[in-house]
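Data first, discussion second: the structure below is written as structure tokens.
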Number of protein chains: 2
Amino acid sequence: MAVPRSSGHISAAPPTLADVAELAGVSRQTVSNAVNNPDLLRADTLARVQDAIDKLGYQPNRAARSLRTRASHLIGLRMPALQEGTANAMMDRFVHTFVEAAAEAGYHVLLFHGDPADPLDGYDELLRSTAVDAFVVTDTHLGGQQTTWLQSRRARFVSFGRPWTQPDAKHPWVDVDLAYGAEIATEHLIERGHSKIAWIGWHKDSLLGEERRSGWIHAMHTHGLSTTGLASRTEDSISSGKAAADAILDETQPTALVCASDTLAMGVLHSLFERRLRLGEDVAVVGFDDSQVAQTVPPGITSVRPPLEEAARELVKALEELLATPSYAAPGVMLKPALTVRGSS
Amino acid sequence: MAVPRSSGHISAAPPTLADVAELAGVSRQTVSNAVNNPDLLRADTLARVQDAIDKLGYQPNRAARSLRTRASHLIGLRMPALQEGTANAMMDRFVHTFVEAAAEAGYHVLLFHGDPADPLDGYDELLRSTAVDAFVVTDTHLGGQQTTWLQSRRARFVSFGRPWTQPDAKHPWVDVDLAYGAEIATEHLIERGHSKIAWIGWHKDSLLGEERRSGWIHAMHTHGLSTTGLASRTEDSISSGKAAADAILDETQPTALVCASDTLAMGVLHSLFERRLRLGEDVAVVGFDDSQVAQTVPPGITSVRPPLEEAARELVKALEELLATPSYAAPGVMLKPALTVRGSS
DNA sequence: TTGAAAGCGCTAACAC
DNA sequence: GTGTTAGCGCTTTCAA
């Protein structure tokens, strides 16, 4: 496979199996075997074929191979909607490792776009045209529409995110235990001597939000701390984070706040900035996601870091099994996040 | 094309051209024409075929079509290395619009991974296996290795980033005039009444860095302001941004700083935080890239915003022409950034 | 261990 | 306008 890139072979039409066969003095099928089942060949034949392959810089044509094997070695990933003005950029880190891990397993990633208003848009076309072997679904918290539908179409897929609303779902999934995340975040603050620890979270209809919130409650109660008047629910935006922080700082004067997202944490920072309070000295703040924002804002925001790299690798592993064994039914995998401690606490 | 998704048709093997032909009572070729050259058919035949297509939920098999037409309708994009601990996340926004614009033009994006140490890694395989119709290259400032090599391989590609080191390059490219960006950033500060405006930039060997720096110099000199002792060169990291800011604040006491990146701007913020100086009141700061960090940090960092959406759309346009006309030689497109003004200035 | 034949689903070229 | 023929490059029988 060590084909020198500078190989003089520059032709519009890449070499085919037939070219290699001719050069090596064997039949086309033997070349195919050399590529796909090398053990079938005698050592010297294999060497001769390999030579020819290297010399020509031969690489099997993907379309032809796909047509024959009914496998594209492509994994479909629908681009999640971009949210400007927030600190949400987990996907970037996730996609990165996913592409890397997929490459190691011999898969490339097909990025596609779908109408943000329709969670199903885009899947259908790729499925019908057999463009991808499987999908990775990432927005399961929006309700199980995609997964339910994909299942009904007998599509293969794995999901990053547990099947929240369908306990009977059979597809492989990987998720991060963010209730635990909220718990270690809260405990970290308790260890630091805080006892009035507020929660700034999302509205009640957010499954992810309720999960995270439960971790905070659990940690507080375990340590005999009251949560009365210390919780607020709002939108995931800077301005509502700021408003929530303003209200809670006025009413209950907590010394620390745990936020359901780094975006909300930034809202809190806006409130502190206006009040001329020093982050990490006057008030402690912990966020979620370990975004670039948390990493770079002075003095750094302590944040719950989901193991996205591990999640991506687990998903690729599940994908490999799924594609090897059509009836593969995997147990879901739940990963634990860690806390990245920075100056804000 | 309005195929109801809930269509009961659930089969492992999607329908083929032949299935449609049989159902419609025409030959396979006629179905193919109905899909690719509808005008060739008589209206009633077309309607009958369309009916059959809709009924079966037919969609041409991509592998078969690619094999025949030698076009995959896939654009290759190599994932740029992820940089944690920085504010650099332009790619996210760019990729987003690119995927969207490409979809409109009938292309999907194939994301692939390459060894970060080798700028050429990954391209070769996709090229040889004719997996993609073209590439988008995004790291041209790292030297023209990829573009030179792709050109030598007669690969089709467009680049986001001008061909810095090869004035004779013939491929279509789109870039953003960031010298102009630095200029409007500096002028904005001058308008705000600043005259001692420092520059925190990158090392001399960075082409991008020198370009941005020249915009600052130009604006300063145009307004008769001295730049002596006001410029520093450093790495693109928070810690070096902070160190540079520390040095320049101690030595020259500028009232405003223009930074070559939001990452450096965050370094400056760290310096201000330590000195208990108020961003936007005691010292003004302007960054580059309009990252999430700039958008969310209180009170918001004024930042030069590259028109990534427009760039992505221009690139797709160039790609369409390039793939339609093999000999297509486009003039490069240079876009102007805008300044997003926030509380930091 | 190697080779010949067949065909995956599609479209280009040409005939009718 | 529509149908027939051939073949894109590969792998999967199956025979030698």
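Letters A, B, ... mirror the listed sequences (proteins, then strands); counts begin at 1.
Considering only the side chain of Leu17(A), dT11(D) comes nearest among dT11(D), dT4(D), dA6(D). Here the side chain of Arg68(B) is nearest to one of dG9(D), dA12(C), dT12(D), namely dA12(C). For Gln29(B), counting side-chain heavy atoms from C-beta on, the closest listed nucleotide (dA12(C), dG9(C), dA6(C)) is dA12(C). Nearest nucleotide to the Arg28(B) side chain, out of dA6(D), dC8(C), dA12(C): dA6(D).
The distance between atom CG of Asn61(B) and atom C1' of dG9(C), rounded to the nearest whole Å, is 6 Å. Taking atom CD of Gln59(B) as the reference point, atom P of dC10(C) lies 11 Å away to the nearest angstrom. The interatomic distance linking Arg62(B) (CZ) with dC10(D) (P) rounds to 20 Å, in whole Å. Nucleotide dA6(C) holds its P atom 18 Å from the CG atom of Leu67(A), rounded to whole Å.
For the pair Arg65(B) and dT11(C), the criterion of a side-chain N or O lying under 4.0 Å from OP1 or OP2 is met. Regarding contacts with the backbone of dC10(C), every side-chain N or O of Thr69(B) stays at 4.0 angstrom or more from both OP1 and OP2. Taking 4.0 angstrom as the limit, Thr30(A) places a side-chain polar atom (N or O) nearer than this to OP1 or OP2 of dG3(C). For the pair Arg42(B) and dT2(D), the criterion of a side-chain N or O lying under 4.0 Å from OP1 or OP2 is met. Note on Asn36(A): a side-chain N or O is less than 4.0 Å away from OP1 or OP2 of dT11(D). Proximity of Ser32(A) to the phosphate of dT11(D): a side-chain N or O atom is located under 4.0 Å from OP1 or OP2.
Comparing Ala64(B) and Asn33(B) by the nucleotide of DNA chain D that holds the closest heavy atom to each, the one mapping nearer the 5' end is Asn33(B). Summary of the strand contacts: Arg70(B) and Leu41(B) both lie near DNA chain D, and taking for each the nucleotide with the nearest heavy atom, the more 5' one is attributed to Leu41(B).
Looking at Arg62(B) and Glu125(A), a side-chain N of the basic residue comes within less than 4.0 Å of a carboxylate O on the acidic one, giving a salt bridge.
By the neighbour-count criterion of 12 heavy atoms within 6.0 Å, atom CD of Glu22(B) is sparsely surrounded, having that number or fewer from other residues, nucleotides or ligands.
Looking only at atom types and distance, the side chain of Ser27(A) has a donor-acceptor partner in the side chain of Gln29(A) under 3.5 Å away. Checked by atom type, the side-chain pair His73(B)/Ser66(B) shows no donor-acceptor distance below 3.5 Å.
Close placement of the Phe112(A) and Tyr123(A) rings is indicated, their centers lying within 6.0 Å of each other.
Here Ser66(A) lies out of heavy-atom contact (under 4.0 Å) with every strand.
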